[in-house]
Amino acid sequence: MKRLFFYLLAGILVLVAGSASAQTTFSVLGDSYSTFKGYMPEGYANYYPDHSKDVKSLEQTWWKLLETKMGWKLDTNNSWSGSTICTTGYSGNDYTHEAFVTRTALLGHPDVILILGGTNDAWADSPIGEYKYDDITVKDLKSFRPAMACMLQKLAERYPESKIVFILNYNLKAEVDESVNTICTHYGVPVIELDSFDMENGHPTVKGMEQVAAQIAEGLEEILK
């Protein structure tokens with residue numbers, strides 16, 4: 001009887017361990033929408049909570065809300081306020097250091113990678129460039145289209161087992177929207193296009209964060225079913 005009890009207990013522990021290991025993990029590659037001071041790498045620029053009148057708690061961010069909604073576990077959030085996907089930022093300044101295309105290797109070991117970007121490329125009027133998928137140079141990375149392609153290439157090569165999903169903000173420039181969809185289609189990366197949400201100074205409020213999280217969760221359920 002004692003031996004039987006031991007075997008049953010061991011079996012239960014194996015099942016519990018298996019369930020825990022099966023939990024989906026995700027990482028975020030983002031800009032100000034996805035920041036929260038104290039939870040980003042040291043030296044990164046943050047928007048939340050200091051520059052928001054509304055979002056003051058980590059639990060109010062879209063990515064923490066998504067973690068709960070999906071039952072997932074956050075691996076890494078690598079988000080830098082004001083960052084562009086390409087290496088040209090506001091006023092034509094060199095944003096190589098903080099650009100999305102530069103930060104692709106800093107996402108841990110996630111099952112799913114969520115990219116929420118392109119907003120600052122649109123707002124900063126970064127050069128759009130030409131569609132280019134091969135032989136992309138450092139000079140090419142100054143423009144959005146080749147930088148977007150290079151970013152997705154790098155992510156696919158570094159995280160071959162991860163599902164990559166691009167989240168496209170709403171109300172951006174038409175050429176940015178079109179470019180994101182065209183380049184993501186080329187690489188087989190699904191796009192979740194956000195609808196309107198509540199904002200303050202161009203950034204999600206508490207209500208907006210809830211709306212963004214709900215839209216992303218709905219999109220992910222459709223993509224991953």
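Just so it is clear, the structure is predicted and the values come from calculations on it, not from any experiment.
- Between E222 and P190 there is no side-chain heavy-atom pair separated by less than 4.5 Å.
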message: I'd like to know whether K69 forms a salt bridge (charged side-chain N to carboxylate O under 4.0 Å, His left out) with E218, so could you lay out the CA-CA distance, the side-chain angles of the two residues, the decisive distance to 0.1 Å, and finally the verdict.
response: CA-CA 10 Å; K69 284 178 180 291; E218 182 179 0; over 6 Å; no
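- The residues E130 and K132 are annotated as not salt-bridged, no charged nitrogen and carboxylate oxygen being separated by less than 4.0 angstrom.
- One side chain, Y44 or N78, offers a donor N or O that lies under 3.5 Å from an acceptor on the other.
- Side chains of S79 and N77: a donor-acceptor N/O pair is present below 3.5 angstrom, by distance only.
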- request: Show your reasoning for whether side chain to side chain contact (heavy atoms under 4.5 Å, CB included) applies to L194 and Q211.
  value: CA-CA 9 Å; L194 297 179; Q211 293 168 326; over 6 Å; no
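- Counting only N and O atoms by type, the side chains of D94 and T96 include a donor and acceptor under 3.5 Å apart.
- Using a cut-off of 4.0 Å between Lys/Arg side-chain N and Asp/Glu carboxylate O, E210 and K207 are scored as not salt-bridged.
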query: Would W123 and L172 satisfy side chain to side chain contact (heavy atoms under 4.5 Å, CB included), going step by step from the backbone distance to the final call?
result: CA-CA 8 Å; W123 290 355; L172 299 182; 4.1 Å; yes
Evaluation steps, side chain to side chain contact (heavy atoms under 4.5 Å, CB included), between L65 and W63: CA-CA 5 Å; L65 291 167; W63 40 281; over 6 Å; no
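- Looking only at distances, a side-chain donor or acceptor of T35 sits under 3.5 Å from a matching main-chain atom of Y47.
- The six-membered or imidazole ring of Y170 lies near that of F197, with a centre-to-centre distance under 6.0 Å.
- Between Y187 and Y133, a ring centre-to-centre spacing shorter than 6.0 Å is recorded.
- Side-chain contact between F100 and T84 is absent, with no heavy-atom pair separated by less than 4.5 Å.
- In terms of modelled atom types and a separation under 3.5 Å, the side chain of H203 and the main chain of N201 share a donor-acceptor contact.
- Side-chain contact between Q23 and K73: present, with at least one pair of heavy atoms (C-beta onward) separated by less than 4.5 Å.
- The shortest distance between side-chain heavy atoms of D177 and L168 falls below 4.5 Å.
- Residues satisfying the side-chain contact (heavy atoms from CB on, under 4.5 Å) test with E221, not counting sequence neighbours, are M70.
- Between Y48 and the options S34, S81, S32, P204, a side chain to side chain contact (heavy atoms under 4.5 Å, CB included) holds for only P204.
- Side-chain atoms of H97 and T102, non-hydrogen and from C-beta on, never get closer than 4.5 Å to each other.
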All N/O donor-acceptor pairs, side-chain side in residues 106-120, below 3.5 Å, sequence neighbours left out:
| unit_1 | atom_1 | unit_2 | atom_2 | d |
| --- | --- | --- | --- | --- |
| D111 | OD2 | T25 | N | 2.8 |
| D111 | OD2 | T25 | OG1 | 3.2 |
| T119 | OG1 | N169 | ND2 | 3.2 |
| N120 | OD1 | Y90 | OH | 2.6 |
| N120 | ND2 | S83 | O | 3.0 |

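- Between the side chain of T61 and the backbone N or O of L58 there is at least one donor-acceptor pair closer than 3.5 Å.
- Of the possible polar contacts, none joining the Q60 side chain to the V55 backbone as a donor-acceptor pair under 3.5 Å is found.
- No donor-acceptor pair under 3.5 Å is formed between the side chain of S143 and the backbone N or O of R145.
- Under the 3.5 Å distance criterion, the side-chain polar atoms of D54 are matched with a main-chain donor or acceptor of V206.
- Y95 has its side chain out of reach of W80: every pair of non-hydrogen atoms, C-beta onward, lies at least 4.5 Å apart.
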- prompt: Hey, mind stepping through F144 and I85 against side chain to side chain contact (heavy atoms under 4.5 Å, CB included) and telling me if it holds?
  reply: CA-CA 7 Å; F144 180 72; I85 287 175; 3.8 Å; yes
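- Side-chain contact between F166 and M151 is present, with at least one heavy-atom pair separated by less than 4.5 Å.
- Judged by distance alone, the side chain of R158 and the main-chain N or O of T104 form no donor-acceptor pair under 3.5 Å.
- Heavy-atom minimum distance, C184 versus M148: SG-CE, 3.6 Å.
- Between S179 and I128, the closest side-chain pair of non-hydrogen atoms falls below 4.5 Å.
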